[in-house]
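Please read the structure below before turning to the comments.
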Amino acid sequence: MKKIAVLISGGGSNLQSIIDSVDGGRLNLEIAVVISNKEGVYGLTRAENHNIPAVVVKHSDFSTREDFERRLIEIIDGCGVELVVLAGFMRVLTPLFVNHYHHRIINIHPALLPSFPGTHGQKQAFDYGVRFTGCTTHFVDEGTDTGPIILQAVVPVLPDDNEETLAARILKEEHRIYPESLRLWSEGRLKIAGRKVRIQDPVKR
Ligand code: GRF
């Protein structure tokens with residue numbers, strides 16, 4: 001079974017959606033380790049509740065981003081992991097990390113990329129006044145939220161929305177497309193060709 005590492009910085013509701021999909025038999029992979037760059041976050045408790053090894057690596061303990069990433073790589077590679085899953089991980093990754101896991105890092109972004117990259121994608125879309133926003137899963141490259149797109153879900157902005165209600169509606173879709181993206185990856189059905197990700201048909205048995 002393929003192994004993944006999930007990197008978090010906070011509440012870990014996306015992590016939970018992946019755990020639930022694995023436990024429910026909808027996702028055939030093993031979460032080998034959960035790593036948080038912050039201590040005391042609820043995502044760590046979610047991992048522990050499911051007996052998933054959970055490690056804190058505080059970025060503030062390292063003098064450079066690269067030193068921090070070298071420690072992450074040491075842990076991740078030590079677990080025999082094939083894919084790094086960013087689930088609300090709030091650190092910018094340098095080329096050191098991104099190139100080490102070329103095409104083997106997936107992220108979720110709470111907007112319809114390439115619109116509203118970077119932090120607070122939901123608020124950026126709300127403030128801009130778009131009628132539709134959503135969420136995007138993508139492979140990670142050296143840019144900020146610029147890698148090849150896997151799946152997207154569209155979410156309407158309703159007249160009575162505020163940032164919070166919109167973010168909650170987007171999050172619900174995140175919890176659907178992240179496990180689905182990982183399922184496609186685990187079945188070997190995602191083929192990257194330049195900017196595009198082709199989703200191959202399931203192999204007929
Ligand atoms: C999500 O909105 C994700 O798209 C963004 O950070 C949030 C993390 O939420 N990158 P959670 O920690 O998974 O609950």
Side-chain angles (χ1 to χ4, degrees), residues 2-22 27 29-62 64-111 113 117-121 135-151 171 174-175 177-183 185-186 190:
K2 289 180 178 169
K3 293 183 184 180
I4 65 168
V6 182
L7 272 51
I8 62 167
S9 302
S13 69
N14 277 291
L15 166 65
Q16 188 69 55
S17 73
I18 298 165
I19 292 172
D20 291 346
S21 296
V22 172
L27 190 51
L29 49 74
E30 180 187 335
I31 306 171
V33 65
V34 169
I35 306 176
S36 172
N37 67 313
K38 286 189 185 166
E39 53 192 354
V41 297
Y42 189 59
L44 290 165
T45 308
R46 294 183 194 269
E48 283 153 13
N49 286 345
H50 291 265
N51 298 317
I52 299 166
V55 185
V56 176
V57 182
K58 282 164 68 181
H59 59 272
S60 49
D61 284 347
F62 298 84
T64 66
R65 285 186 188 273
E66 285 80 2
D67 284 350
F68 167 63
E69 291 174 359
R70 273 188 271 273
R71 179 66 188 132
L72 296 181
I73 290 171
E74 205 171 59
I75 296 169
I76 294 166
D77 289 355
C79 295
V81 159
E82 288 180 56
L83 184 77
V84 178
V85 173
L86 307 180
F89 183 66
M90 303 305 283
R91 296 300 293 171
V92 171
L93 294 165
T94 77
L96 174 102
F97 191 90
V98 173
N99 293 333
H100 186 84
Y101 297 108
H102 182 64
H103 286 172
R104 292 198 294 135
I105 310 171
I106 295 181
N107 183 40
I108 188 149
H109 182 73
L113 292 172
T119 48
H120 308 299
C135 49
T136 305
T137 55
H138 64 93
F139 286 100
V140 172
D141 65 10
E142 288 189 19
T144 302
D145 301 323
T146 52
I149 289 171
I150 303 167
L151 295 179
L171 196 58
E174 293 183 38
H175 297 163
I177 69 167
Y178 218 172
E180 175 65 6
S181 302
L182 295 179
R183 186 178 67 79
W185 172 83
S186 70
L190 300 179

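Note that the structure is a prediction, hence the values are computed from the model and not measured.
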Quiz item: How would you list, by chain and number, every residue that makes a side-chain contact (heavy atoms from CB on, under 4.5 Å) with Glu74, sequence neighbours excluded?
Solution: Arg71

What is the minimum heavy-atom distance between [X] and [Y], and which atoms define it?
X	Y	result
Leu44	Ala54	CD2-CB, 3.9 Å
Val98	Val140	CG1-O, 4.0 Å
Leu83	Trp185	CB-CZ2, 3.5 Å
Ile73	Tyr101	CA-OH, 3.5 Å
Ser9	Ser36	CA-OG, 4.3 Å
Phe68	Val57	CE1-O, 3.3 Å

If I take atom [atom1] from residue [X] and atom [atom2] from residue [Y], how far apart are they, to the nearest 0.5 angstrom?
X	Y	atom1	atom2	answer
Leu7	Leu86	CG	CG	6.0 Å
Ile105	His100	CD1	NE2	9.5 Å
Leu72	His59	CG	NE2	11.0 Å
Leu151	Thr137	CG	OG1	4.5 Å
His138	Asp145	NE2	CG	4.5 Å
Ile31	Asn51	CD1	CG	12.0 Å

Please list every donor-acceptor pair under 3.5 Å in which a side-chain atom of residues 10-18 meets a protein atom from a residue at least two apart or in another chain.
unit_1: Ser13; atom_1: OG; unit_2: His175; atom_2: NE2; d: 2.8
unit_1: Asn14; atom_1: ND2; unit_2: Glu174; atom_2: OE1; d: 3.0
unit_1: Gln16; atom_1: OE1; unit_2: Arg46; atom_2: NH1; d: 3.2
unit_1: Gln16; atom_1: NE2; unit_2: Asp20; atom_2: OD1; d: 3.0
unit_1: Ser17; atom_1: OG; unit_2: Asn14; atom_2: O; d: 2.7

With heavy-atom distances below 4.5 Å as the criterion, would you say the side chains of [X] and [Y] are in contact?
X	Y	value
Leu190	Ile150	yes
Val92	Arg65	yes
Leu96	Arg70	yes
Val22	Glu30	no
Ile8	Ile35	no
Ile106	Ile4	no
Phe97	Glu66	no

Quiz item: Under 6.0 Å from the NZ atom of Lys38, do we count more than 12 heavy atoms belonging to anything else shown?
Solution: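 No, because the 6.0 Å sphere around NZ of Lys38 holds 12 heavy atoms or fewer from other groups.
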
Quiz item: Side chains of Asn107 and Tyr178: is there a donor and an acceptor less than 3.5 Å apart?
Solution: no

Quiz item: Relative to each other, are the rings of Phe139 and His103 parallel, tilted or perpendicular (30° and 60° limits)?
Solution: tilted

Determine yes or no for a side-chain-to-main-chain donor-acceptor pair under 3.5 angstrom, with [X] supplying the side chain and [Y] the backbone.
X	Y	value
Glu69	Thr94	yes
Thr136	Leu113	yes
Ser21	Leu27	no

Quiz item: Given Val84 and Ile76, is the side-chain contact (heavy atoms from CB on, under 4.5 Å) satisfied, shown in steps?
Solution: CA-CA 8 Å; Val84 178; Ile76 294 166; 4.1 Å; yes

Quiz item: Ion pair present between Lys58 and Glu39, side-chain N to carboxylate O less than 4.0 angstrom?
Solution: yes

